Amino acid sequence: MPKITPWLWFDMNAEDAVRFYTNVFPNSRIGEITYYQAGAPVPEGTVMSVEFFLDGQVFYGLNGGPQFPFTEAVSFRIDCTSQVEVDYYWNALTADGGEESQCGWLRDKYGLSWQVVPQQLDELFASSDPTAAQRVVDSMMTMRKLDVETLEAAARGVKSSTRADGA
C-alpha cells in the first residue's frame with residue numbers, strides 16, 4: 001500500500017511553523033532540513049523543506065512563497081480524549097495570532113486549519129436517539145471551541161451551566 005505524506009506549502013516560514021508544531025504536539029520531532037541551492041528563485045542557503053513528525057505522522061513543510069496560501073478546504077483533525085486536551089490544543093493553536101472559527105475549527109498563526117474534536121462528539125452523533133443527536137448538532141453549531149459538558153447535556157436534553165460558546 002502506498003504511503004501518503006502531507007506536504008504543506010508555507011510562505012517562507014516553514015521552519016518557524018515546524019518548530020511551533022513540534023512544540024505543541026507530544027512525541028514530535030524535526031527530521032531532515034534541505035536548502036535551496038544557487039540558481040533557485042530565493043537566496044542560496046534558504047530553507048527549502050523541513051521534514052517533521054507530529055506524534056509519529058510524517059509531514060513536510062515547503063518554503064514555496066506566497067502564491068498558494070492555506071484555506072479551510074484542507075484541515076487536520078486532532079482527536080482529543082478529554083476537555084483538558086481540547087483546551088490545550090485550542091489554546092496553543094490559537095495563540096499569537098491564531099483565529100477561532102466555529103464548531104471546533106480554528107486557524108493557527110500560519111494559516112493552517114485544524115479541527116479540535118473531543119472523542120465524545122462522534123459517540124454523541126452516533127446516538128440511537130436521532131433527537132438527541134440533533135440536539136448535539138444544534139449545540140455544537142453555537143460553539144467555537146467544543147465543550148464536552150455542554151454537548152453531553154444537550155444529548156440529555158438539559159441546559160448546561162457551561163457557556164454556549166465553549167469558552
Side-chain angles (χ1 to χ4, degrees), residues 1-11 13-14 16-30 50 52-62 68-167:
M1 175 180 281
K3 185 174 183 176
I4 298 171
T5 305
W7 275 77
L8 305 173
W9 181 294
F10 289 90
D11 183 6
N13 56 1
D16 289 339
V18 166
R19 290 189 192 291
F20 172 72
Y21 298 138
T22 56
N23 283 320
V24 168
F25 292 90
N27 307 314
S28 299
R29 66 181 176 84
I30 296 174
V50 183
F52 63 108
F53 300 83
L54 300 181
D55 202 18
Q57 169 66 48
V58 65
F59 291 82
Y60 284 85
L62 172 70
F68 302 109
F70 295 123
T71 73
E72 290 82 0
V74 174
S75 65
F76 293 102
R77 177 175 159 150
I78 305 168
D79 292 310
C80 299
T81 59
S82 67
Q83 187 67 50
V84 169
E85 248 188 6
V86 168
D87 294 346
Y88 167 77
Y89 287 111
W90 189 269
N91 294 335
L93 293 169
T94 57
D96 300 324
E99 299 175 20
E100 296 182 352
S101 188
Q102 72 177 59
C103 303
W105 286 58
L106 63 86
R107 187 182 322 196
D108 68 32
K109 64 184 174 182
Y110 299 99
L112 192 58
S113 292
W114 300 86
Q115 299 174 55
V116 183
V117 181
Q119 69 183 16
Q120 295 90 335
L121 184 64
D122 291 335
E123 296 163 7
L124 294 168
F125 282 164
S127 172
S128 60
D129 178 354
T131 304
Q134 185 59 52
R135 285 192 305 264
V136 172
V137 170
D138 294 344
S139 179
M140 179 191 71
M141 296 301 290
T142 68
M143 298 179 186
R144 290 182 179 269
K145 177 176 67 174
L146 299 181
D147 182 88
V148 174
E149 180 183 325
T150 302
L151 294 167
E152 289 175 339
R156 292 188 310 271
V158 298
K159 296 280 185 193
S160 170
S161 62
T162 306
R163 290 179 31 191
D165 67 0

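These values consider heavy atoms only, across backbone and side chains, with no hydrogens, waters or symmetry-generated copies. Just so it is clear, the model here is predicted, and its values are computed rather than measured.
Residues Pro6 and Phe59 meet the side-chain proximity criterion, which asks for heavy atoms closer than 4.5 Å. Side-chain contact between Leu151 and Met143: present, with at least one pair of heavy atoms (C-beta onward) separated by less than 4.5 Å. Residues Leu146 and Val116 are not in side-chain contact: their nearest non-hydrogen atoms beyond the backbone lie 4.5 Å or more apart. With a 4.5 Å cut-off on side-chain heavy atoms, Ser113 and Phe70 do not count as touching. Counting heavy atoms from C-beta on, the side chains of Tyr60 and Val58 come closer than 4.5 Å. The shortest distance between side-chain heavy atoms of Leu121 and Val136 falls below 4.5 Å.
Of the possible donor and acceptor atoms, none in the side chain of Arg107 sits under 3.5 Å from a partner among the backbone N and O of Glu99. For the pair Ser127 (side chain) and Leu124 (backbone), a donor-acceptor distance under 3.5 Å is absent. Here the side chain of Ser28 pairs a donor or acceptor atom with the backbone of Pro26 at under 3.5 angstrom. A donor-acceptor pair under 3.5 Å links the side-chain atoms of Asp108 to the main chain of Gly111, judged by distance alone. Proximity of a side-chain donor or acceptor of Arg135 to a complementary backbone N or O of Ala154 within less than 3.5 Å is detected. Looking only at distances, no side-chain donor or acceptor of Gln134 sits under 3.5 Å from a matching main-chain atom of Pro130.
The only member of Val18, Val24, Asn23, Thr22 that meets side chain to side chain contact (heavy atoms under 4.5 Å, CB included) when paired with Phe20 is Val24. With Tyr89 as reference, Phe25 is the one residue of Tyr21, Phe25, Trp114 to meet the ring-ring contact (aromatic ring centres under 6.0 Å, His included) rule.
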ask   = salt bridge (Lys or Arg N to Asp or Glu O under 4.0 Å) between Asp147 and Lys145: does it pass, once the steps are laid out?
value = CA-CA 6 Å; Asp147 182 88; Lys145 177 176 67 174; over 6 Å; no
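In this structure, CG on Leu93 lies 11.0 Å from OH on Tyr110, to the nearest 0.5 angstrom. From Asn27, atom CG reaches atom CD of Gln57 across 13.5 Å, with rounding to the nearest 0.5 Å. Note that the CG atom of Asp55 and the CZ atom of Phe53 stand 12.5 Å from one another [nearest 0.5 Å]. The CZ atom of Phe52 sits 12.5 Å away from the CZ atom of Arg29 when rounded to the nearest 0.5 Å. Gln119 CD to Asp79 CG: the interatomic distance, rounded to the nearest 0.5 Å, is 8.5 Å. Here CG of Leu62 is found 9.5 Å from CG of Leu8. Values are rounded to the nearest 0.5 Å.
Between the side chains of Glu100 and Trp90, at least one donor N or O sits under 3.5 Å from an acceptor N or O.
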